[in-house]
Trainee: 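Questions regarding the structure given below will be posed in turn.
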Amino acid sequence: MPTYDYRCTQCGKQFEATHRISDTQPACPACGGACEKLILSPPAAHGYKAIGREQAMRSLQPDTSNKPTHQHGPGCGCGHRH
């Protein structure tokens, strides 16, 4: 079941609720007021899916290691000068 994030339109409290997509929106747990849906949180990924997601996220972050981007080995043949 998906987890939804809500914000109360009366008191402003933010909270999460887990329910079917066809269910009605819950009332605010603090004041009982009407709420608006904010975002749909993705389900947790485990195992190989989590590893792939983490690798993809790291690939989008800038490289701050100051390492050369290409390592030349014997017989490289890439055409770059070393």
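Source: prediction; values computed, not measured. Worth knowing before you read on, the calculation uses all heavy atoms, side chains too, and leaves out hydrogens, waters and symmetry mates.
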Trainee: Which heavy atom of Tyr6 sits nearest a heavy atom of His19, and at what distance?
Mentor: OH-NE2, 2.7 Å

Trainee: Are side-chain heavy atoms of Arg7 and Cys35 found at a separation under 4.5 Å?
Mentor: no

Trainee: Check side-chain hydrogen bond (donor to acceptor under 3.5 Å, both in side chains) between Thr18 and all other residues, then give those that pass, not counting sequence neighbours.
Mentor: Thr3

Trainee: Which side-chain N or O atoms in residues 20-28 pair as donor and acceptor under 3.5 Å with protein atoms at least two apart or in another chain?
Mentor:
unit_1 : atom_1 : unit_2 : atom_2 : d
Asp23  : OD2    : Arg20  : N      : 3.3

Trainee: Cys11 and Cys31: which non-hydrogen atoms are nearest, and at how many Å?
Mentor: SG-SG, 3.8 Å

Trainee: Side chains of Leu38 and Gln14: closer than 4.5 Å at any heavy-atom pair?
Mentor: yes

Trainee: Restricting to non-hydrogen atoms, name the atom on Gln10 and the atom on Ala34 that form the minimum distance, rounded to 0.1 Å.
Mentor: NE2-N, 3.8 Å

Trainee: In Å, rounded to the nearest 0.5 Å, how long is the span from CD of Glu16 to CG of Asp5?
Mentor: 5.0 Å

